[in-house]
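First comes the structure, then the notes that go with it.
Reminder, nothing fancy here: chain letters follow the sequence lines and each chain counts from 1.
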Amino acid sequence: MNKAAEVLAASRKITRPTTLEFIDAIFDDFIELHGDRHFADDAAIVGGIATLDGKAVTVVGVQKGHTTQENIHRNFGSPNPEGYRKQMRLMKQAEKFHRPVITFINTSGAYCGIGAEERGQGEAIARCLFETAGLKTPVISIFIGEGGSGGALALACGDKVWMLQNGMYAVLSPEGFASILWRSPARAAEAAELMKITAPDLLANGVIEKIIPEAKEGLEHNLDYTASILKEELVKELHTLCQMDMEELLQKRYERFRKFGEFAE
Amino acid sequence: MNLFKKKNYIILDRRSEAPRPTPEEHEAPAVPDGMWVKCSHCKKLVYKKEMEPYYICPKCGGHFRLGAMERIAITCDENTFSELDGTMHAKNPMGYPNYEKIIAKAQQKSGIQDGVVTGTCQIGGQDTVLAVMDGNFMMGSMGSVVGEKITRAIEYATAHQMPIVIFTVSGGARMQEGIISLMQMAKTSAGLNRHAEAGLFYLSVITDPTTGGVSASFASLGDVILAEPGALMGFAGQRVIEGTINEKLPPGFQRAEFQLEHGFVDAIVPRTQLKDTIARLLALHTQKGGGF
Ligand SMILES: [Zn+2]
């Protein structure tokens, strides 16, 4: 197995700590809030208010399960439109009360189903990209596991994007990529390598700003190691972002995404 | 995402009118005018010349797909279109095998540099920025060039206090450019956020098909969203959904009429009335409200 395929497998491991475990390990006083106020509460997205170093923050993330039963409840971490609308509701609420936002990403992608289309999956994701671009409060996004396509991007449009050592992020699944390129989903490992989905690759092309290490014995065996690093980094980064003038913050965020593209003229 | 699926549509382009052309046919010389083509909607043979310039089937009213230049010809006032960034073309950011060849072939087939043509023009006497995607170019997939040209067009509109009209047609993100193509969704949406903050009007026109990353970014963000009759619009491709839920999708699923019913488009406008409708909407948005 090549390095990218190893990372892919690690990012998807059913024992990998989930968003709620990260929230528990990093923050205090978490109060979970539910619902998008339009249609339903999507269990694939969790969020609420917590404190970090004594200060109020909003946290939102994609939630997977550790068992099949949990995963059915969480829709295997594939949000429906109401999940993205819940995310946006909580982020707008954070803006109103001047709370920074921290998002956790761990999804193979937005859910593909009849109901998701009827309720405007495309519009729900588009709205997240649009609104986050102008959100008047700092936003830090952390890839803790899988990052699949637009369904992951919806939570990753903030000022800083970080990734755990075994996180990944791709435009489509390596299986999907392999089946289009070679008509063979079985060549996913090869595709994973070609697609540059690993944290070092993404750091090199500016898609992420920071790689957060995982303990040698494995993330699930020593979450505290990673959580304490994350906590320290978050406090430091939020201190910097919160000192910034709002116009400067938004300008830097705009430039962060504006720079992507390779073309000739 | 719904990438590069072959579909049973007739794609009108300047080189070939054969349904589902094979790669060899793409390289064949241009088909002479006045050919008979099969309508993908009613399966009847129709005389191409008779359908100019709207390319609507005279037998069933079905809308054929248009290339960017045909669209510009029926949308802009005569001789008002002035292109922006016309020479921009793709590089190969992730070293995708044969990407240069794929691009060259698409350029030859479509007659344009990449999947979108942008510029300024007048529509019914109204000044506007215009972006028209082209499904003949790799199914209108969005890579760096499409994302950059659309963002520049939006920024041009913002800087000049102008509205922008975008005609969408896309299979989604361009997987050959990897993660950078995904970033184009965030880039274009952020551009639109600034355009909106400036109080300017964005009109999105959905044409067949608009799916994946484009539906999950600028296509869905119009102040007003129009769609052509029968146009497919959705996040997930139909085969992907069928694969996920393990059943056949109902007829009309994700079509413009479905989107109207579910509240995601404002109106379905037949191609013959589109220019007029756009001109009226642009005119209404040049007025500053509250002047009573
Ligand atoms: Zn017909």
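Of the charged side-chain nitrogens involved, at least one lies within less than 4.0 Å of a carboxylate oxygen, so that A:R258 and B:E148 count as a salt-bridged pair. A salt bridge links A:E265 and B:R152; the closest N-O separation between the charged side-chain nitrogens and carboxylate oxygens is under 4.0 Å.
Residues B:P97 and A:L194 form a side-chain contact, since some pair of their non-hydrogen atoms from C-beta on lies under 4.5 Å apart.
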Test log, rule side chain to side chain contact (heavy atoms under 4.5 Å, CB included), inputs A:K196 and B:I179 = CA-CA 8 Å; A:K196 302 188 170 74; B:I179 197 79; over 6 Å; no
So B:F235 and A:E123, side chain to side chain contact (heavy atoms under 4.5 Å, CB included) or not? Walk me through it.
-> CA-CA 8 Å; B:F235 176 67; A:E123 195 273 347; over 6 Å; no
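Contacts of A:A264 with chain B are made by both backbone and side-chain atoms, with heavy-atom separations under 4.5 Å. With a threshold of 4.5 angstrom between heavy atoms, A:I197 does not approach chain B through any atom at all. Heavy-atom distances place the backbone of A:R119, and not its side chain, under 4.5 Å from chain B.
Panel note: side chain B:K187, backbone A:F260; a donor-acceptor pair is recorded below 3.5 Å. A donor-acceptor contact shorter than 3.5 Å is absent between the side chain of A:Q121 and the backbone of B:G234. With hydrogens and angles ignored, the 3.5 Å screen pairs no side-chain donor or acceptor of B:N193 with any backbone N or O of A:A133. Checked by atom type and distance alone, the side chain of A:E262 never pairs as donor or acceptor with a backbone atom of B:A90 at under 3.5 Å.
For the set B:E177, B:M88, B:R194, the entry with the most heavy-atom pairs within less than 4.5 Å of chain A is B:R194.
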